[in-house]
Amino acid sequence: KDETGQPGGSHKVRHLFGTMLHLQAAEAVGAPPVDGPLAIASCGNAALAAAVIACAVQRELVVFVPEWADGNVTARLRDLGATLEVCRRVPEQVGDPCVVRFRDAVQRGAVPFSCQGPDNALALDGSRTLAWEIVTGLGSLDQVFVQVGGGALASGLVQGLQEAVALGAMGRCPEIRAVQAE
């Protein structure tokens, strides 16, 4: 399924749309509004998806990017109103400096507007919608090949396919072939 026509150019918008919907629904039923900015650690499709959604609902977004981030992507992020925080590697620092700074921001009150399940479990719901579209369009399948990075897409896709089986839309869940570029 080609997701490059989605806002932001990838499936990542699916992950974040559900998160934004949840935030707005909670506020609509009386939950206190979230004061902190939205935050994400990314320098590519996830950041672009986050910026498209944040711009559409006029929410502040802080994107933690590496110093080597592509200039075309960072320019587009700025055009969409995102604030960029360039993260340089610190000697002896463990882990991705962008993720470290992102998690620090979340600890200070930023909203984790991330496609990564461990940082934003709501992101999994969006990839379930992809499974439902696949089942609606194709019915039963023998195998599904899915790109994996952090695992949120594959995890949500499997959940959606299992729901399709439970609801009788498919006879059985197809074999999942998780793939990643070398």
Side-chain angles (χ1 to χ4, degrees), residues 3-130 147-157 159:
E3 291 285 287
T4 59
Q6 294 285 1
S10 76
H11 67 87
K12 305 284 177 86
V13 75
R14 290 176 179 270
H15 300 287
L16 298 171
F17 180 80
T19 301
M20 181 53 65
L21 196 58
H22 174 81
L23 288 171
Q24 291 192 324
E27 290 175 5
V29 297
V34 178
D35 291 332
L38 304 173
I40 187 168
S42 169
C43 61
N45 291 336
L48 289 170
V52 166
I53 292 171
C55 180
V57 297
Q58 300 176 343
R59 295 283 302 255
E60 179 184 359
L61 174 68
V62 179
V63 183
F64 296 92
V65 299
E67 56 190 335
W68 47 262
D70 182 271
N72 292 324
V73 173
T74 57
R76 181 68 180 130
L77 291 170
R78 286 186 181 99
D79 288 346
L80 289 165
T83 300
L84 275 58
E85 294 282 338
V86 177
C87 305
R88 290 172 179 74
R89 185 162 298 282
V90 177
E92 300 181 24
Q93 182 181 47
V94 177
D96 180 334
C98 299
V99 173
V100 170
R101 297 258 315 268
F102 158 77
R103 290 185 176 154
D104 287 345
V106 170
Q107 288 295 317
R108 293 189 313 275
V111 177
F113 203 54
S114 168
C115 294
Q116 301 298 324
D119 295 311
N120 175 12
L122 293 171
L124 298 175
D125 284 341
S127 52
R128 288 179 21 213
T129 65
L130 184 58
Q147 179 273 331
V148 294
L153 174 62
S155 180
L157 185 65
Q159 289 175 21

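Positions are given from 1, in the same order as the sequence printed here.
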- Using the salt bridge (Lys or Arg N to Asp or Glu O under 4.0 Å) rule, collect all pairs that involve residues 27-51, keeping only residues at least two apart or in two chains.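 Qualifying pairs: Glu27-Arg59.
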Any side-chain heavy atom of [X] within less than 4.5 Å of one from [Y]?
X      : Y      : answer
Leu16  : Cys115 : yes
Leu153 : Leu130 : yes
Leu48  : Lys12  : no

Search all heavy atoms of [X] against all heavy atoms of [Y] and return the closest pair with its distance.
X      : Y      : answer
Phe113 : Ile53  : CZ-CG2, 3.8 Å
Cys43  : Val73  : O-CG1, 3.4 Å
Glu67  : Arg89  : OE2-N, 4.5 Å
Thr19  : Ala123 : OG1-N, 4.0 Å
Ala46  : Ile40  : O-CD1, 3.6 Å
Val65  : Ser42  : CG1-O, 3.2 Å

- Task: Any pair with a residue in residues 15-44 that passes ring-ring contact (aromatic ring centres under 6.0 Å, His included), sequence neighbours left out, goes on the list, sorted by first then second residue, please.
- Result: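 Those involving residues 15-44 are His11-His15.
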Once you round to the nearest 0.5 Å, how far does [atom1] of [X] lie from [atom2] of [Y]?
X      : Y      : atom1 : atom2 : value
Arg78  : Leu84  : CZ    : CG    : 4.5 Å
Gln159 : Leu157 : CD    : CG    : 10.0 Å
Asp79  : Cys55  : CG    : SG    : 9.5 Å
Arg14  : Leu124 : CZ    : CG    : 14.0 Å

- Check each of Val52, Leu61, Val63 against Leu77 using the side chain to side chain contact (heavy atoms under 4.5 Å, CB included) test, and report the only one that passes.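 Output: one option passes, namely Val63.
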Would you be so kind as to tabulate the donor-acceptor pairs closer than 3.5 Å made by side chains of residues 97-107, with sequence neighbours excluded?
unit_1: Arg101; atom_1: NH1; unit_2: Val86; atom_2: O; d: 3.3
unit_1: Arg101; atom_1: NH2; unit_2: Glu85; atom_2: OE1; d: 3.0
unit_1: Arg103; atom_1: NE; unit_2: Asp119; atom_2: OD1; d: 2.9
unit_1: Arg103; atom_1: NH2; unit_2: Asp119; atom_2: OD1; d: 3.2
unit_1: Arg103; atom_1: NH2; unit_2: Asp119; atom_2: OD2; d: 3.2

